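These notes concern the structure reproduced below.
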Amino acid sequence: MTESQVFGRILDRAGRADPYPLYAELRKTPVAALEDGSYVVSTYREIVALLHDPRVSSDRRNLAEHFADREPVPPGREPPFIVVDPPEHDRLRGLAMRHFGPPGSPDLVKGLRPELTAIVTELIDAIAGDRRADIVEAVAYPFPVTVICRLLGVPREDEPRFHAWSTEIVETVGPGERHIPPEANPTRRVRGGERPGKPAEAASEEVGSGDRHAKPERVRRRERAAEALADYVRGLADARRRAPGRDLLSGLLTDDGPDGGMSMEEVVSTVTLLLVAGHETTVNLIANGMLTLLRHPEVLERMRREPDLVVGVVEELLRYEPPVHFPATRVALDDITIGDTTIPRGAPIVLALAAGNRDPDHVRAPERFDPCRETNEHLGFGGGVHYCFGAPLARLEAQTALGELTRRLRDPRLVADPPPYRPSSALRGPRRLLVDYDGVDP
């Protein structure tokens with residue numbers, strides 16, 4: 001297979017349950033030039049170098065003209081700081097961090113531990129009378145949603161509204177269907193369903209990624225959902241501006257900062273980003289984590305005996321089964337030569353973080369799940385100036401959820417392996433995770 005065909009199979013939903021053999025194939029060409037002009041980087045050293053290279057941009061507006069229609073920038077909307085370059089990125093991220101973590105709020109995340117434990121305890125209590133539960137539905141989804149709503153000041157009862165919008169947005173996040181040559185992925189249609197107690201999945205009929213006519217409509221749906229979510233956040237911001245509270249949204253609206261505060265549209269863009277990213281990636285981290293532990297019962301049993309092992313478990317999960325496989329597409333600001341390959345100025349760059357995490361030139365026995373690795377430098381939270389904003393919170397949420405699930409569920413067992421996966425190739429995780437168990441300990 002050509003590199004384009006390998007990458008096409010990685011993006012194909014048929015391979016979502018286990019893309020890692022394909023990543024191994026992709027790593028044979030550390031910097032792969034695809035047929036559409038994109039470049040995929042799949043080895044650890046090269047990914048890290050590009051994450052820290054000032055010649056690499058996160059701003060899609062720097063794409064060469066012939067790529068511009070493929071990476072549309074919504075007109076009239078402030079882009080979130082995750083797709084903006086310094087110095088503007090640094091200003092916006094710095095203002096947000098003043099209310100979320102160090103140095104402005106150094107104890108915020110650490111101080112959440114009792115509240116996080118209380119939320120997870122309540123969620124597990126709710127399934128104590130059952131003998132089968134969907135861990136995504138019962139814990140992995142509602143837990144981080146509740147936390148981010150409380151931090152931002154978003155009414156928890158509004159969750160069904162932004163859940164539908166968020167799902168529509170994240171299910172088209174990633175390098176996209178555009179890379180897939182037709183011979184690598186015949187058109188398929190997969191019927192989706194509804195989650196009990198949740199609105200219908202945003203895409204009730206998921207068009208296979210080989211359908212070349214599907215992408216524009218999916219982009220339009222995503223843009224409509226993003227605009228609806230932004231309008232919702234704008235309404236919340238208007239209310240908080242009139243009556244500020246003690247939440248992050250109010251803080252962003254009232255903080256002038258050392259170099260000036262955010263405009264209203266910058267606040268809307270930042271809060272929208274945090275609302276979506278603040279729960280979607282953690283859902284995957286917790287669900288992937290529980291799935292991995294159930295596949296490694298010896299580690300699960302050891303966690304029950306040694307609760308502190310959860311710290312190493314979560315760190316290894318971020319390497320072994322990361323929630324994000326591809327970050328936002330990067331752009332070459334100049335010709336960049338890596339080995340014998342030159343990425344031309346204006347070309348899209350796809351960083352395959354999950355492939356780099358299992359690079360045998362970086363980590364010993366990369367296919368082994370080992371929470372006791374002496375060193376574990378991974379790409380689970382990206383790197384460089386765009387290192388994950390919410391990493392400390394995500395770590396603590398995953399430690400809390402997985403620690404309590406393994407402690408309290410008696411003899412948990414997978415109902416289906418592999419479970420059904422979410423459509424996105426970038427934000428990879430189970431859509432459902434059915435588990436049988438013999439009861440719930442106090």
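Because only heavy atoms are used, hydrogens play no part in the values below, and waters and symmetry mates are left out as well, while side chains stay in. Predicted model, so just to flag it, every value in this text is computed and none were measured.
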[X]/[Y] ion pair, N-O < 4.0 Å:
X: Arg413; Y: Asp411; value: yes
X: Asp436; Y: Arg131; value: no
X: Arg373; Y: Glu316; value: yes
X: Arg98; Y: Asp255; value: yes
X: Glu168; Y: Arg222; value: no
X: Glu377; Y: Arg319; value: no
X: Asp125; Y: Arg408; value: yes

Those residues that, when tested against [X], pass ring-ring contact (aromatic ring centres under 6.0 Å, His included) (two or more places apart):
X: Phe143; result: none
X: His279; result: Tyr141
X: Tyr421; result: none
X: Tyr320; result: Phe369

Problem set entry | CA sep, side-chain torsions, deciding dist, call: Ser425, His325, side-chain contact (heavy atoms from CB on, under 4.5 Å) | CA-CA 7 Å; Ser425 60; His325 281 220; over 6 Å; no
Problem set entry | Euclidean distance, Asp158 CG relative to His163 NE2, rounded to 0.5 Å | 14.0 Å
Exercise. If you measure from OG on Ser42 to CG on Leu351, what distance do you get to the nearest 0.5 Å?
Worked result: 10.5 Å
Please report the closest heavy-atom contact between [X] and [Y], naming both atoms and the distance.
X: Pro412; Y: Leu409; result: CD-O, 3.5 Å
X: Val136; Y: Ala287; result: CG2-CB, 3.9 Å
X: Ala394; Y: Thr282; result: CB-OG1, 4.0 Å
X: Ser424; Y: Val170; result: CB-O, 3.4 Å
X: Ala96; Y: Leu252; result: CA-CD2, 3.8 Å
X: Leu291; Y: Pro430; result: CD2-CG, 4.3 Å

Exercise. Judged by atom type as modelled, is there a donor-acceptor pair below 3.5 Å linking the side chain of Arg304 to the main-chain atoms of Thr406?
Worked result: yes
Exercise. Does Ala164 offer a backbone N or O that forms a donor-acceptor pair with the side chain of Thr167 under 3.5 Å?
Worked result: no
For this session: Decide yes or no on side-chain contact (heavy atoms from CB on, under 4.5 Å) for Leu434 and Ile135, but give the supporting numbers first.
Result: CA-CA 6 Å; Leu434 290 177; Ile135 297 300; over 6 Å; no
For this session: Could you name each residue pair satisfying salt bridge (Lys or Arg N to Asp or Glu O under 4.0 Å) that touches residues 378-391, not counting sequence neighbours?
Result: none
Exercise. Which residue pairs pass the salt bridge (Lys or Arg N to Asp or Glu O under 4.0 Å) test with at least one member in residues 384-399, sequence neighbours excluded?
Worked result: Glu315-Arg395
For this session: Take Val331 and Ile349, measure what side-chain contact (heavy atoms from CB on, under 4.5 Å) needs, and give me the verdict at the end.
Result: CA-CA 6 Å; Val331 185; Ile349 303 173; over 6 Å; no
Go through the side-chain N and O atoms of [X] and [Y] and say whether any donor and acceptor fall under 3.5 Å apart.
X: Asn62; Y: Arg345; result: no
X: Glu78; Y: Ser263; result: no
X: Thr329; Y: Arg60; result: no
X: Asp59; Y: Ser57; result: no

Are [X] and [Y] side-chain neighbours, meaning at least one heavy-atom pair lies under 4.5 Å?
X: Glu227; Y: Glu223; result: no
X: Leu353; Y: Pro327; result: yes
X: Pro423; Y: Arg431; result: yes
X: Phe7; Y: Ser38; result: no
X: Val283; Y: Pro144; result: yes
X: Asp134; Y: Val435; result: no

For this session: Apply salt bridge (Lys or Arg N to Asp or Glu O under 4.0 Å) to Arg330 and Asp53, showing your working.
Result: CA-CA 11 Å; Arg330 303 307 208 255; Asp53 193 325; over 6 Å; no
Exercise. Can you tell me if CD1 on Ile82 sees more than 12 non-hydrogen neighbours from other groups inside 6.0 Å?
Worked result: no
For this session: Starting from the C-alpha separation in whole Å, work towards a yes-or-no answer on side chain to side chain donor-acceptor pair (under 3.5 Å) for Asn284 and Arg422.
Result: CA-CA 9 Å; Asn284 287 348; Arg422 304 171 77 181; 2.8 Å; yes
Holding to salt bridge (Lys or Arg N to Asp or Glu O under 4.0 Å), I want the full list of residues that pass it with [X], two or more places apart in sequence or in another chain.
X: Asp370; result: Arg368
X: Arg16; result: none
X: Glu88; result: Arg91
X: Asp308; result: none

For this session: Report yes or no: is the cationic atom of Arg358 (NZ for Lys, CZ for Arg) closer than 6.0 Å to the six-membered ring centre of Tyr20, at no more than 45° off its axis?
Result: yes
Exercise. Going by the side-chain hydrogen bond (donor to acceptor under 3.5 Å, both in side chains) test, which pairs reach into residues 236-247, not counting sequence neighbours?
Worked result: Asp238-Arg241, Arg240-Asp247, Asp247-Ser250
Exercise. Where does the angle between the aromatic ring planes of Tyr232 and Trp165 fall among parallel (under 30°), tilted (30 to 60°) and perpendicular (over 60°)?
Worked result: tilted
Using atom types as modelled, flag every donor-acceptor pair under 3.5 Å from a side chain in residues 108-119 to any protein atom, sequence neighbours excluded.
{"from": "Glu115", "atom 1": "OE2", "to": "Arg150", "atom 2": "NH1", "distance (Å)": "2.7"}
{"from": "Thr117", "atom 1": "OG1", "to": "Arg113", "atom 2": "O", "distance (Å)": "3.1"}

For this session: Apply the side-chain contact (heavy atoms from CB on, under 4.5 Å) test between Val267 and each candidate in Leu253, Leu92, Leu236; give the one that qualifies.
Result: Leu253
Problem set entry | Val313 and Thr292: CA distance, side-chain angles, deciding distance, side-chain contact (heavy atoms from CB on, under 4.5 Å) verdict | CA-CA 10 Å; Val313 164; Thr292 301; over 6 Å; no
Exercise. Is the Phe381-Phe389 ring centre distance short of 6.0 angstrom?
Worked result: no
Exercise. When you look at Ser58 and His386, which way does the side chain to side chain donor-acceptor pair (under 3.5 Å) test go after all the steps?
Worked result: CA-CA 9 Å; Ser58 294; His386 290 286; 3.1 Å; yes
